[in-house]
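The structure appears right after this line, and notes come after that.
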Amino acid sequence: MTTFDANGITLERVREYVWEIPQEGDMRVPARVLASEALLEEIKEDKTLEQIKNTTHLPGITNHAICMPDGHQGYGFPVGGVGALDAENGCISPGAVGYDINCGVRMMKTNLAYDDLRGHEEELVDSLFANIPSGLGGGGVVEAGVDTVDEILARGVDWALENGYAVKDDLLHCEDEGMREGAAPEKISQKAKDRGKNQIGSLGSGNHFLEVQRVTDVFDDEVGEAFGLEEDQIVVLIHCGSRGLGHQTCNDYLRKIEQQHQGLLNQLPDKELAAAPAGSQLAEDYYGAMNAAINFAWVNRQLIMHRTRTVFERVFDRSWEAMEMDLLYDVAHNIAKKETHTVGDGEERELYVHRKGATRAFPAGHPDVPKAYRDVGQPIIIPGSMGAGSYVLRGGANSMDLTFGSTAHGAGRLMSRTQAKNEYWGGDVQQELEEQEQIYVKAQSGATVAEEAPGVYKDVDEVVRVSDELGIGDKVARTFPVCNIKG
DNA sequence: ATGTTC
């Protein structure tokens, strides 16, 4: 048997790109890592493998804990991790969702070609930067009272539709139609709502960005046509989450769980995996609060998209409808969701599927794929670094069997933010991107540009290649950056 | 990710 020795943890090769950490000690199931050897060499350098192994101690974990090809170390649970925990006898874990609840990506199409944009890059990037709130702290497209926040938490993008920030078609091209059932605004703390109320429609900081891109390749003509993508087309990618509201909610529930479920906590190898037992009041409360924060993040991305349409209207002097600025799709990559999956010998079970830095990747025919895409599979959006561009995939035929219907979410970091700032200077990174790649970057903070320099990320081509080879998410199209704004 | 060290 082929093995891979990762600083004391031995992985056994199941087949190409599938590695297993065998069950031992208190592990309830084996852990699996889906990666090439080149990616494993990078993954082994931080605590990712130890963390995915720790995850197998969670009660109710089903089949395997799974690390995606872009996996890296996170809070307790790796970013790029999937954990399916029994919704009746298992648990739910905020650390396995992530601090930024419903961090995700949406792609908006246009009918503009790259040539239509050339010469307007600086005007466009300046106008986007001036009109789309970004960076740490407050300031959003909408400044709302707490009652408005409650409505957004309960209704998601449906609130945006009613208030003129969305059209019906936007809802039809979003996971869960932009409204998660079971949202419980009353389970979100006042403090979280206060943090969120002036951040509705704001990018935030860190790896969040808005990027205008051009489609450079369409690998699958049939699916490309179903998605409405063609070479040279301009698209807009928006990557952000639930800002301070989600962060505060994660923190609130971690503290409550630590206090009320000490027994379960003591069984776990890492306090950061703190989980509420399925069926407990706190599990219900967290699930309701998380669903509400999910709705908040969807409205956040919707308002940014709405404002982007307005900016394009000014710069190109045409209506957004004339530019066909339609939503391709919106994916969440930090969530947990109750889903029914077939496990073991054909038994159907309800599971809390935790996808942290992992994207849902439902295949053709799945009833939860929007009608527009049901024949070809769910669109999956995988952002690369600001120098690399991104991919659009579609849910692969093997995703339900291998990953509870999931794939990767991005390139995955190679080094910490602190290390990145030692290696790069923001201004130099910007200059190089502009001079060598004609990519126009504008940011609130040079430090953020350094933290997000292309060199701090894994090779997104390799991550996507593994997803495609495994048949969990198949390559449809590739994009390359034109201009990028960030916090 | 984050009112960037509860």
Side-chain angles (χ1 to χ4, degrees), chain A residues 46-48 51 70-81 93-105 133-140 143 146 149 188-200 202-210 238-259 271-272 274 289-290 293-294 296-298 300-301 304 331-336 354-359 383 385-386 409-413 415-422 426 443-452 456-457 486-487:
Chain A
D46 61 19
K47 290 186 176 160
T48 311
Q51 288 186 333
D70 56 337
H72 63 92
Q73 182 180 333
Y75 180 89
F77 192 101
V79 177
S93 172
V97 170
Y99 264 90
D100 189 6
I101 297 167
N102 191 5
C103 182
V105 198
S134 66
L136 285 167
E143 308 261 336
V146 166
V149 174
I188 300 255
S189 69
Q190 194 58 48
K191 192 175 176 183
K193 289 174 189 173
D194 282 336
R195 284 181 71 173
K197 70 184 179 198
N198 64 349
Q199 299 182 327
I200 309 163
S202 65
L203 278 175
S205 183
N207 64 354
H208 290 162
F209 63 81
L210 181 151
I238 296 164
H239 179 202
C240 62
S242 51
R243 303 291 328 275
L245 181 139
H247 188 271
Q248 186 65 46
T249 300
C250 180
N251 203 49
D252 288 343
Y253 280 92
L254 281 169
R255 300 294 89 81
K256 283 188 196 186
I257 290 169
E258 284 163 12
Q259 285 163 14
K271 175 172 156 300
E272 295 182 355
M290 183 201 64
I294 285 172
F296 184 89
W298 271 325
N300 191 25
R301 290 197 284 277
I304 291 169
V331 293
H333 57 223
N334 270 12
I335 49 124
H354 296 66
R355 297 188 182 92
K356 177 183 180 182
T359 312
S385 72
M386 60 184 157
H409 86 304
R413 291 193 79 84
M415 64 180 83
S416 70
R417 296 184 175 280
T418 312
Q419 197 185 338
K421 278 180 281 196
N422 290 329
Q444 299 284 353
S445 145
T448 305
V449 178
E451 289 173 2
E452 297 298 321
V456 316
Y457 280 93
K486 55 205 301 96

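Each chain gets a letter, A, B and so on, in the order its sequence line appears, and its residues count up from 1.
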Below 6.0 angstrom between ring centroids: does that apply to A:His239 and A:His409?
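A:His239 vs A:His409: aromatic centres not under 6.0 Å.
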
Sugar-phosphate only, base, or nothing, as touched by [X] at under 4.0 Å among non-hydrogen atoms:
X	value
A:Ser205	sugar-phosphate
A:Gly241	nothing
A:Gln199	sugar-phosphate

Between [N] ([atom2]) and [X] ([atom1]): distance, integer Å:
X	N	atom1	atom2	answer
A:Asn198	B:dT2	CG	P	13 Å
A:Gln259	B:dC6	CD	P	17 Å
A:Tyr99	B:dT2	OH	P	13 Å
A:Tyr75	B:dT4	OH	C1'	17 Å
A:Lys256	B:dC6	NZ	P	20 Å
A:Asp194	B:dT2	CG	P	18 Å
A:Phe296	B:dT2	CZ	P	11 Å
A:Leu254	B:dT2	CG	C1'	13 Å

Answer yes or no: is there a side-chain heavy-atom contact under 4.5 Å between A:Asp100 and A:His208?
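Counting from C-beta outward, A:Asp100 and A:His208 do come under 4.5 Å.
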
How would you list, by chain and number, every residue that makes a salt bridge (Lys or Arg N to Asp or Glu O under 4.0 Å) with A:Arg255, sequence neighbours excluded?
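Salt bridge (Lys or Arg N to Asp or Glu O under 4.0 Å) list for A:Arg255, sorted by chain: A:Glu258.
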
Using salt bridge (Lys or Arg N to Asp or Glu O under 4.0 Å) as the criterion, list what pairs up with A:Lys256, not counting sequence neighbours.
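Not a single residue meets the salt bridge (Lys or Arg N to Asp or Glu O under 4.0 Å) criterion with A:Lys256.
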
On DNA chain B, does the nearest nucleotide to A:Lys421 precede the nearest nucleotide to A:Glu452 from the 5' side, or the other way round? Give the residue.
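Its nucleotide being nearer the 5' end, the pick is A:Glu452.
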
Which residue lies more 5' along DNA chain B, comparing A:Arg255 with A:Arg417 via nearest heavy atoms
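Result: A:Arg417.
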
Could you tell me whether the phosphate oxygens of B:dT2, OP1 or OP2, come under 4.0 Å of any side-chain nitrogen or oxygen in A:Arg243?
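Result: yes.
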
Where do A:Ser242 and A:Asn102 land on the side chain to side chain contact (heavy atoms under 4.5 Å, CB included) test, with the steps shown first?
CA-CA 6 Å; A:Ser242 51; A:Asn102 191 5; 5.6 Å; no

